[in-house]
Amino acid sequence: MKLHPFVRIENSLREILTGAGAKPAAGQVLVERPRRPEMGDIASPAALRLAGQAGCKPLELARQLADQLVGLPEVAAAEPVAPGFVNIELTGAALAEPAALALADRQRFGRPAAAGGSVLLEYVSSNPTGPLHVGHGRAAAYGDSVARILKHAGWQVATEYYLNDRGRQVDILAASLWLRIMELRGHFAGPMPAGCYAGEYLREVAAGVDAVGSERGDGQMIDVTNLPAAADAAALEVVHRVRQRLGDRQLAELAELAVGRICAGMKQELARFRVGFDNWFSEKEMIESGKLTPALDKLAAAGATYRKDGALWFAASRHGDEKDRVLVKSDGAATYFASDVAYHLDKYGRGFDRYVNIFGADHHGYVARLRGFIAALGEEPGKLEVPLVQIVALVRAGQRLKITTRGGVFSTLAELVDAVGVDAARLFFVLNRPDAQMEFDLDLAVRESAANPVYYLQYAHARCCSVLARWGGERSSLQLDASALIQPAERSLLVELAWFESTVRSAAAELAPHLVASWLYELARKLHAVYEGEPIIGAPEPQQRARLALIAAAAGALATGLDLLGVAAPNKMERRT
RNA sequence: GUGCCCGUAGCUCAACGGAUAGAGCAACGGCCUUCUAAGCCGUCGGUUGCAGGUUCAAAUCCUGCCGGGCACGCCA
C-alpha cells in the first residue's frame, strides 16, 4: 500500500537528517500542522530540535532540509524560515491522494499503514445495581469511540465489561427487591430502609417477578424497624433479616434475578447508545470457577503478601501504593480488591499488547494498587493504561443535581438520550478531553439542541449528499483532478482531508477521541466554505467534475469520522419548522 | 492533612515543548430570485490563576503558593 504523502515526506526528512549527522528518535514527529495557511501545507520544526546534534545553527539545518526536500516528487516548495522551521507546500497531485482515498474507499481512508498490536479495552463496568446514569454515558461514549478509533488505526481490539455480580451490594439489591415484592403484595408500605436501593426500577423488576408467578416473596414480611442508624449497617441488617426469612438459596435466586433484569436493561440502553461489548466478564463466575485462590497464591509465591491481625495483606506500599491493602479479611471473606487481582491476572494471561481500563475519576486512588500487584507478579505495569473519565455534573434549572443510585434520585442515561438524542449525546461526551470535568445543563441541551455542534457536522454531510443527489451521477465515476481544484477553499479542504490519518494515529495513541471531533469540525468548516464559494453544479468542466469529486470525498471523510465517534451521518436533514 | 485531576475569552472548551493562543455559545452588524440559511462573512472579547525556574522557544516541563473537584475502609 502506498504510504500517505505526509509520511513519505517525514521518512525523507528522517533520512536527510541522519545524513546530516542528526539522530531523530524512532517515533519522533518531524512534521506538524502549521498555524496559518501561509506557512505551507505542512511544516517541520526538526531543524530546531536537532540542530545541536547536526552541529550547526537551526536555520542553517533548515536550509539544508529545504534544499533537499524540493527534490522530492511530493514537494512543490520548501522554505526555511526563522528561527528554523521548514514550511512545505505539496504538489496538487500529492495533496489529492488522501482525498482520492476518501472518495474511492472511505473505510481505508485515514487507516495508517503500520499495523497496531492487540488491545483489551475495559470500560463502563458499572455495578449492576441500577440503571446507567449520565456519568456512565460519558464513559460509554468515550470508551466506544476509543475502540472504534483503535480499530481504524489498525489495532486488534477486544472490549470487555467487568460485571460485579456478587458481594455485599448485590445482597442489598436482592433484599431491596424482596421488599419491593412485599410492597406489591401489600405486606410492606415503605419507605425503603436507609442504605437499600430505593429506585423506581426495582418496582418494575418486582412487577416482572410477579408476572412470571414466582413463589418468592410469599410468607411474612420482616421487621424493618429498629435498624442501625448508619445506612450501610442498616442495609446489611436488612439483608440479614431477609436471609433469615428466605434462606441463602432464595436470596441468591433473587440476586440473580435482579442482576439479570438490570443487566438486560443496561445492554438494551447501551445498544441504543450504539455501544456493545465483545465480552461480559462475570466476577461471580470467575470466583465460582476457583480462580481466586491460585491468583492469591501467585502473589504469595512472589513474596508480596503477609498475614497481620488475622487478615491477608498485599504489600502494595512496596510497589508504589501509599499503603498496604487487605486481600482476605479476618472473617475469611475476600475483598473486592482480591477479585481484581484474579481478574487482572486473567486479563494478562490472555496475552494482549496493551490493556486499557477506563475508570471513573472517583476510582483514581485504585490505579496505584492495580499497577502495584501487576508489578509484584512480575508483569509489565506499563502495559496498563488507565484513562480517567471525570464526573459529569448535571445541572437542571440552575441547580447541580446529586447523582446517587441508592437514594433513588438520579438522572439516567436513558433520560438524557430521550431528551437530546443519541447523536447529540455521543458527540457532546467526546467533544472534550475525558479528564476535564464537565457540566451538562439538561435544560440547555434540550432547548439548544438545534445549535448543538452535532448538527453542524451532520449538516455538512447532508449538504454534500444533496449536491451529489442533484447532480445524479455515479460517485464511482468521479475522479479527483487536483489540477482543476485551484480555489483557496478547495485546496484548504484537500489539506484538511490529508490531516486525517495523523489525527487518527494521535487519537489512537493518546486515547483521545476529541481530536477526531476537532478534525471533523475543521473539515465541516472547510466544506461549508467550498460550498459557499464557487458553484459546483453548472461549473464548466473540468471544474464541475473535480468539485463533485471533492464534495464526494468530503462526504466520505465526514461519514468515516462521524462513524469513529458513533454518530450517524444522515443524507438529509429535516428542515426545522 | 496526604495523593491524583483540573485552572486558557462573559460561558463551555481546543492547542505533539514551536511561529501572531484558537473554536463554539452568548452579544452586535451584514448575506437567501441562485447546489438545504441547521449555512457564510464581519465586530466584540486574553497579562493562559499567581510567583519563580529550565529552554533558542513555555498555556504546555520543574518548584512553591492560590482556587475548584475527587479519593484516601479488614466497603464495593
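Only a predicted model underlies this, so the values are computations on that prediction, with no experimental measurement involved. In the text below, chain A, chain B and the rest are named by the order of the sequence lines, each starting its count at 1.
Aromatic rings of Tyr123(A) and Tyr142(A) (six-membered ring for Trp) have centroids beyond the 6.0 Å cut-off, not under it.
Looking at Arg491(A) and Leu485(A), their side chains never come closer than 4.5 Å, going by heavy atoms from C-beta outward. No side-chain heavy atom of Arg138(A) sits under 4.5 Å from any side-chain heavy atom of Phe428(A).
At a threshold of 4.0 angstrom between heavy atoms, the contacts of Ala311(A) include nucleobase atoms, whether or not backbone atoms are also involved. Here Asn164(A) lies out of heavy-atom contact (under 4.0 Å) with every strand. Looking at heavy-atom distances under 4.0 Å, Ser518(A) makes contact with sugar-phosphate atoms alone, never a base. Residue Ala368(A) is classed as having no contact, given no heavy-atom separation below 4.0 Å to the nucleic acid. Base engagement by Asn87(A) is indicated by at least one non-hydrogen atom pair under 4.0 Å involving a base atom. Using a 4.0 Å heavy-atom distance criterion, Asp309(A) is classed as a base contact. Within 4.0 Å (heavy atoms only), Tyr521(A) reaches sugar-phosphate atoms of the nucleic acid but no base atom. Residue Lys572(A) is in base contact, counting any heavy-atom pair closer than 4.0 Å across all strands shown. Residue-level contact check: Thr335(A) touches the backbone only, with heavy atoms under 4.0 Å from sugar-phosphate atoms and none from bases. At the heavy-atom level, Glu534(A) lies under 4.0 Å from base atoms of the strands shown. Arg36(A) comes within 4.0 angstrom of a nucleotide base, judged by non-hydrogen atoms across all strands. Counting non-hydrogen atoms under 4.0 angstrom, Trp313(A) reaches a base of the nucleic acid.
Between Phe6(A) and His4(A), the angle of the ring planes goes over 60°, which puts this pair in the perpendicular group of the 30/60° scheme. Ring geometry for Phe337(A) against Tyr366(A) counts as perpendicular: the plane angle is over 60°, on a 0 to 90° scale with 30° as the lower cut. Classified by interplanar angle (parallel below 30°, tilted 30° to 60°, perpendicular above 60°), the ring pair Tyr306(A)/Trp313(A) is parallel.
Remark: P of G73(B) and CZ of Arg325(A) are 7 Å apart, rounded to the nearest angstrom. To the nearest angstrom, P of A38(B) lies 18 Å from CG of Asp423(A). Lys526(A) places its NZ atom 10 Å from the P atom of A23(B), with the value rounded to the nearest Å. The nearest whole Å value for the distance from the CG atom in Asp321(A) to the C1' atom in C4(B) is 12 Å. Rounded to an integer number of Å, the gap from His528(A) NE2 to C32(B) P is 19 Å. To the nearest angstrom, C1' of A37(B) lies 9 Å from OH of Tyr531(A). Straight-line distance from the CZ atom of Arg49(A) to the P atom of A19(B): 11 Å, rounded to whole Å. One atom, CG of Leu515(A), and another, P of G22(B), lie 18 Å apart when rounded to the nearest Å.
Taking the C1' atom of each, G73(B) and U48(B) are spaced 40 Å apart, rounded to whole Å. C28(B) and G68(B) have their C1' atoms separated by 33 Å, with the value rounded to a whole Å. For the C1' atoms, the distance linking A51(B) with G67(B) amounts to 15 Å, nearest Å. Spacing of P atoms, C13(B) relative to C70(B), comes out at 15 Å, to the nearest Å. Comparing C72(B) with U55(B), their C1' atoms are spaced 37 Å from each other, to the whole Å. The gap from the P atom of C5(B) to that of C61(B) amounts to 10 Å, rounded to the nearest Å. Distance noted for atom C1' between C41(B) and U47(B): 31 Å (whole Å). Separating the P atom of G45(B) from that of C31(B) is a span of 24 Å, rounded to the nearest Å.
Side chain of Leu48(A), nearest nucleotide from C56(B), C35(B), U20(B): C56(B). Distance from the side chain of Ala43(A) is smallest for A19(B) among the nucleotides A19(B), G24(B), A38(B). Distances from the side chain of Arg35(A) to the nucleotides A71(B), A19(B), C35(B) place A19(B) closest. Distances were taken from every side-chain heavy atom of Val467(A) (C-beta onward) to each of G24(B), G73(B), C35(B); the shortest belongs to C35(B). When the nucleotides C6(B), A19(B), C35(B) are ranked by their closest atom to the side chain of Ile536(A), C35(B) comes out on top.
Glycosidic conformation at C32(B) (O4'-C1'-N9-C4 for purines, O4'-C1'-N1-C2 for pyrimidines): syn, within 90° of 0.
Regarding contacts with the backbone of A37(B), a side-chain N or O of Arg463(A) is found under 4.0 angstrom from either OP1 or OP2. For the OP1/OP2 pair of C75(B) and a distance below 4.0 Å, the side-chain nitrogens and oxygens of Lys329(A) include at least one atom meeting the criterion. Taking side-chain N and O atoms only, His514(A) has a distance below 4.0 Å to OP1 or OP2 of A15(B). Phosphate proximity of C74(B) to Tyr336(A): absent, as no side-chain N or O sits under 4.0 Å from OP1 or OP2. Between C6(B) and Arg433(A), a contact under 4.0 Å exists linking OP1 or OP2 to a side-chain N or O. Residue Arg168(A) places none of its side-chain N or O atoms closer than 4.0 Å to OP1 or OP2 of C75(B).
Remark: A9(B) base-pairs with no nucleotide; criterion is Watson-Crick or G-U wobble with both hydrogen-bond distances under 3.5 Å. Using the Watson-Crick or G-U wobble rule with both distances under 3.5 Å, C72(B) pairs with G1(B). Base pairing analysis places U43(B) opposite A27(B); the two distances defining the Watson-Crick or G-U wobble pair are each below 3.5 Å. Taking a pair to require two hydrogen-bonding distances under 3.5 Å in either a Watson-Crick or a G-U wobble arrangement, C50(B) pairs with G64(B). With a cut-off of 3.5 Å on both Watson-Crick or G-U wobble distances, the partner of A59(B) is given as none. Remark: C32(B) base-pairs with no nucleotide; criterion is Watson-Crick or G-U wobble with both hydrogen-bond distances under 3.5 Å.
Under the side-chain contact (heavy atoms from CB on, under 4.5 Å) test applied with Val238(A), the options Ser176(A), Pro193(A), Pro228(A) reduce to a single match, Pro193(A).
Annotation: the span from Leu370(A) atom CG to His319(A) atom NE2 amounts to 13.5 Å, rounded to 0.5 Å.
Where Ala82(A) and Tyr456(A) meet RNA chain B, the nucleotide closest to each residue was compared, and Ala82(A) sits on the side nearer the 5' end. Looking at which nucleotide of RNA chain B each of Pro34(A) and Ile537(A) is closest to, the 5′-most match is held by Pro34(A).
Within 3.5 Å, no donor on the side chain of His364(A) pairs with an acceptor on the base of C5(B), nor the reverse.
In terms of heavy-atom proximity, Ala361(A) sits nearest to Leu388(A) at CA-CB, 4.3 Å.
No hydrogens or angles considered: nothing links the side chains of Asn357(A) and Tyr162(A) as a donor-acceptor pair under 3.5 Å.
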